[in-house]
Amino acid sequence: MATKKKFPNGRMASIKMSGGIREILTRAGEMEEEGRSIIHMEIGRPDFDSPKCAKDAAIKAIEEGNVHYTDMAGAYDLRCAVAEKYRRENSMDVDADKNVVITNGAMEALAASFLTLFEPGDEVIVPAPYFSAYADEIAISNAKLVAVPTKMDNSFRVHVDDIAAAITPKTSAVLLNSPNNPSGAVLTKEDLEEIAAVAVERDIWVISDECYEKFVYDGGHVSIASLPGMAERTVTISAASKTWSMTGWRIGWVVAPEEMRPYVNKCHQNLTTCANSFAQAGVVEAFAGADADVEAMIAEYRRRRDMVVRWLNDIKGFEAATPAGAFYAFPKIAALGMDGFKFCSWLLEEAGVSTVPGEVFGMPGHIRIAYCRAYDYVEEGLARIKKAVESL
C-alpha cells in the first residue's frame, strides 16, 4: 500500500500554527457570547472610516466599468501617484515604470520581495520586537529570521553595532520597520545613516517597511532609500491600509531598484495577477484629496498616545517607553512574575481586556496594547488593566 509523501513540507512545518494569540482571541469571542464585556486592545486596525473621496472614486470606477484587470504592475495613474509621493515627501528618485509595483496590501509586497531576493538558507536580520508575520513570511521564502533584540531604555531603537555583529556570510538583508509595530519606535536619521553605512560596507539589502510613516509624533520620518548609496540596495514597502484607514481595500506597493522591479512584478503576477482595479482608483483619489483625513487621524492618535502613556506610567509593575509613532504601546510586565502569554490570558479572564503577548513579536515579558479605538474605549481598557494589576 502506497504511503503519502511527507506533509506539510519543511517550509510550512517551520511555521507556528498556534502561539497564544489565537487562543486569546477565541476565548475573547467565547466570553462575549457568554455576555461578558470585552475591551479589544489586540487589533491593529484603524478605527476611522476610509476617506469619503476614496469611497466615491471606487464607486464611480465600478459604475463606469472599471472592473477588469489592470496592468499587472498596477494602474498607471496609481503608480504615478506613488512615485510622485516618494519624490515629493521622501526625497527618493522614483519612476512609475521603473520602480513601482502595486500589490494586494503590504503583506503581498513583503512576500513578493522576499521570494525575489532570498535564496534558501539566507539570513534576514530583524530587530525585535517585530511584526509577527515577518517570521512566517521569511520562513515561507525558505530564509531564516535572525532576531536582534532592542532595549526599552533606547526606546526600542535598534543599535547599529548589534546589526553589524549579527551579519554572517549568509546574511542577505536587514528588515527595518519604522515606525515599528509593536513598539512604536521611530529610527532617527542618524540611526538610519549608521545602518546604511553598514549595509553598503557589507553589501547587503535593506527592506524598509514604512506602513506607519505618517503616524510619527516625535521627530520625523526618514526613508533609508533616500540616503547616499541606498537607492540601489533598498526595497521600500508601504500601503494604503494604515495611512488612510483602508485595511480592507488591500492596496500596497513595492518601490524597488530598477533591476529588481521586473522580477518583483513577475512574482506578484504569479501570486495574485494584479490588485483590485476599483480599489486602486480609490487610492489614487486618496493620494490626491485625503490629506485632511490623515491629519485628523494623526492628531487623534497623538492624543490617545499621550493618554495611554499616562495610564501605563501609573500602573505598578509596568514599565513603558513613550512610543514615538504608530498606534501601539509595548509595556514591560516581567516584574509581575508572569510571561506575556500567562499575563494576557489572566488579564482577559480577570478584567475582560484582550491584549497580545510580547512573545508573538519576538520579545517575551511585554504585551502589546493597540490604541486604535475610541479615546474613551481605550481609557476604559487601561482603567480595567490598572484595577486588575493592583489586585495581584
Side-chain angles (χ1 to χ4, degrees), residues 16 18-45 47 128-132 147 149-156 180-185 301 303-324 326-392:
K16 294 180 180 179
S18 173
I21 186 171
R22 182 192 302 181
E23 288 83 351
I24 289 173
L25 289 171
T26 299
R27 179 56 185 151
E30 292 171 350
M31 292 170 70
E32 285 181 312
E33 290 179 1
E34 294 166 2
R36 287 283 302 274
S37 169
I38 303 299
I39 299 289
H40 291 276
M41 304 183 80
E42 78 286 327
I43 303 299
R45 179 186 67 81
D47 59 312
Y130 49 77
F131 177 43
S132 57
T150 60
K151 296 179 180 180
M152 192 170 66
D153 60 11
N154 193 40
S155 300
F156 296 107
N180 177 265
N181 173 11
S183 71
Y301 285 134
R303 188 171 79 102
R304 296 178 195 176
R305 187 277 306 261
D306 293 343
M307 176 265 289
V308 168
V309 171
R310 287 196 301 271
W311 275 94
L312 292 178
N313 286 334
D314 196 39
I315 299 176
K316 187 176 180 180
F318 273 37
E319 296 179 61
T322 299
F327 38 68
Y328 308 102
F330 199 62
K332 187 175 183 179
I333 52 89
L336 300 178
M338 289 184 272
D339 64 23
F341 291 126
K342 185 175 181 180
F343 178 81
C344 289
S345 296
W346 172 83
L347 185 64
L348 179 60
E349 298 292 338
E350 180 71 17
V353 180
S354 184
T355 55
V356 185
E359 285 83 350
V360 171
F361 308 104
M363 185 165 281
H366 292 255
I367 64 170
R368 189 188 77 172
I369 294 173
Y371 52 88
C372 46
R373 292 287 189 114
Y375 187 99
D376 291 344
Y377 183 93
V378 173
E379 189 162 40
E380 168 64 18
L382 291 162
R384 291 189 188 187
I385 294 173
K386 185 175 189 296
K387 182 179 178 181
V389 170
E390 289 178 348
S391 71
L392 286 170

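Values reported hereafter were calculated over all heavy atoms of this structure, with side chains retained and with hydrogens, waters and symmetry mates removed.
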* Asked: What's the verdict on side-chain contact (heavy atoms from CB on, under 4.5 Å) for Leu382 and Arg310, showing C-alpha distance, side-chain angles and the deciding distance?
  -> CA-CA 10 Å; Leu382 291 162; Arg310 287 196 301 271; over 6 Å; no
For Arg305 and Pro323, the nearest pair of non-hydrogen atoms, with its separation, is NH1-O, 2.6 Å
Got Leu392 and Lys316 here, is their nearest side-chain heavy-atom distance under 4.5 Å?
no
* Minimum side-chain heavy-atom gap Tyr301-Asp47 below 4.5 Å -> yes
Correct closest heavy-atom pair for Arg373 and Arg304 would be O-NH1, 2.6 Å
Tightest non-hydrogen contact, residues Ala351 and Ala388, listed as CB-CB, 3.9 Å
message = We want to know whether Ser132 and Arg368 form a side-chain donor-acceptor pair, criterion being a heavy-atom distance below 3.5 angstrom.
response = no
Any salt bridge linking Lys387 with Glu390? Criterion: basic side-chain nitrogen under 4.0 Å from a carboxylate oxygen.
no
Nearest heavy-atom contact between Thr355 and Cys344 is OG1-SG, 3.2 Å
query = Under a 4.5 Å cut-off applied to non-hydrogen side-chain atoms, are Glu42 and Val360 in contact?
reply = no
Full working for side-chain contact (heavy atoms from CB on, under 4.5 Å) between Val378 and Ile369
CA-CA 9 Å; Val378 173; Ile369 294 173; 5.6 Å; no
Nearest heavy-atom contact between Phe361 and Pro182 is CG-CG, 3.6 Å
Heavy-atom side-chain proximity of Phe343 to Leu336 below 4.5 angstrom: yes
Show, in sequence, the C-alpha distance, side-chain angles and deciding distance for Ile38 and Leu348, and conclude whether the side-chain contact (heavy atoms from CB on, under 4.5 Å) test is met. CA-CA 8 Å; Ile38 303 299; Leu348 179 60; 4.1 Å; yes
Do the non-hydrogen side-chain atoms of Met307 and Tyr371 ever get within less than 4.5 Å of each other?
no
Taking the side chain as every heavy atom from C-beta outward, state whether Thr322 and Ser155 have any atom pair closer than 4.5 Å.
no
Requested in this report: Could you walk me through whether Glu350 and Arg384 pass the side-chain contact (heavy atoms from CB on, under 4.5 Å) test, one step at a time?
Outcome: CA-CA 9 Å; Glu350 180 71 17; Arg384 291 189 188 187; over 6 Å; no
Flag the pair Glu379 and Lys386 as a salt bridge only when some basic side-chain nitrogen lies within less than 4.0 angstrom of an acidic carboxylate oxygen. no
If we only count heavy atoms from C-beta on, is the Ile24 to Val356 side-chain gap below 4.5 Å? no
To the nearest 0.5 Å, atom CD of Glu319 lies from atom CG of Leu312 at 11.5 Å
Tightest non-hydrogen contact, residues Cys372 and Ile43, listed as SG-O, 3.1 Å
The reported gap from OH in Tyr328 to CE in Met41 (rounded to nearest 0.5 angstrom) is 12.5 Å
### Message
Any non-hydrogen side-chain atom of Phe318 less than 4.5 Å from a side-chain atom of Ile333?
### Response
yes
Between the CD atom in Glu359 and the NZ atom in Lys342, the distance rounded to the nearest 0.5 Å is 12.5 Å
